[in-house]
Amino acid sequence: MRIAVAGKGGAGKTTLSATMARLFAERGFSVNALDDDPNPNLAAALGLSEEEAQRLKRVPRDEILEERVDEQEHASLHMTRPFDEIIAQYGVVAPSGVRTLTMTGLLGAGQG
Ligand SMILES: Nc1ncnc2c1ncn2[C@@H]1O[C@H](COP(=O)(O)OP(=O)(O)O)[C@@H](O)[C@H]1O
Ligand SMILES: [Mg+2]
């Protein structure tokens, strides 16, 4: 099952997502939590310490996704590497066993 949470800032998305992730994990489900917020803070909500959260490296989208276009010119995104490998390289395991990834965040200072 995949659950995507999106909407207005400050509505409680991160709090609800982290709580659901922990509850599912505590009930024995294998849970992957992906933070795609431009200002990522799901790791903190999942209970990771600041030090552990610092170990989370932003996943480079170009390295793990490729766009494919079929004969009808429908474009779709596909993963180019096994998900477990991506988690092992970029992820951190939070309390309750939730595997966490950060998909966004600043790459560095720049113009604009
Ligand atoms: N059900 C709730 N009742 C009261 N405060 C809440 C509730 N859910 C979240 N909050 C608080 O509201 C603020 C925004 O929540 P957050 O989960 O960060 O929102 P979002 O991820 O949608 O921006 C946080 O300070 C959080 O602690
Ligand atoms: Mg949030």
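One-based numbering, in listed order, for ligands and for the atoms of each.
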So if I count the atoms of ligand 1 from 1 in the order they appear, which ones are less than 4.0 Å from some heavy atom of G9? 23 (O)
Got an N/O contact under 3.5 Å between G12 and ligand 1? yes
Roughly how far apart are D37 CG and T102 OG1, rounded to 0.5 Å? 10.0 Å
Before giving the answer on side chain to side chain donor-acceptor pair (under 3.5 Å), spell out for E66 and T80 the whole-Å C-alpha distance, their side-chain angles and the decisive distance to 0.1 Å. CA-CA 7 Å; E66 72 177 11; T80 54; over 6 Å; no
Considering the heavy atoms of K13, write down every atom of ligand 1 situated less than 4.0 Å from one of them. 17 (O), 19 (O), 20 (P), 21 (O), 22 (O), 23 (O)
Below 4.0 angstrom, counting only protein heavy atoms, does anything approach atom 15 (O) of ligand 1? yes
Checking the side chain of D35 only, and the main-chain atoms of A43 only, is there a donor and an acceptor separated by less than 3.5 Å? no
Can you list the ligand 1 atoms lying under 4.0 Å from a non-hydrogen atom of T14? 17 (O), 20 (P), 21 (O)
So which of L42, I3, L46, L34 actually passes side-chain contact (heavy atoms from CB on, under 4.5 Å) with S17? L42
Do any N/O/S atoms of T14 come under 2.8 Å of the Mg ion (ligand 2)? yes
Using only heavy-atom distances, determine whether the side chains of E63 and Y90 contain a donor-acceptor pair under 3.5 Å. yes
Under a 3.5 Å cutoff, is there a donor and acceptor pairing between the side chains of S76 and H74? no
Provide the number and element of each atom of ligand 1 under 4.0 Å from a heavy atom of K8. 22 (O)
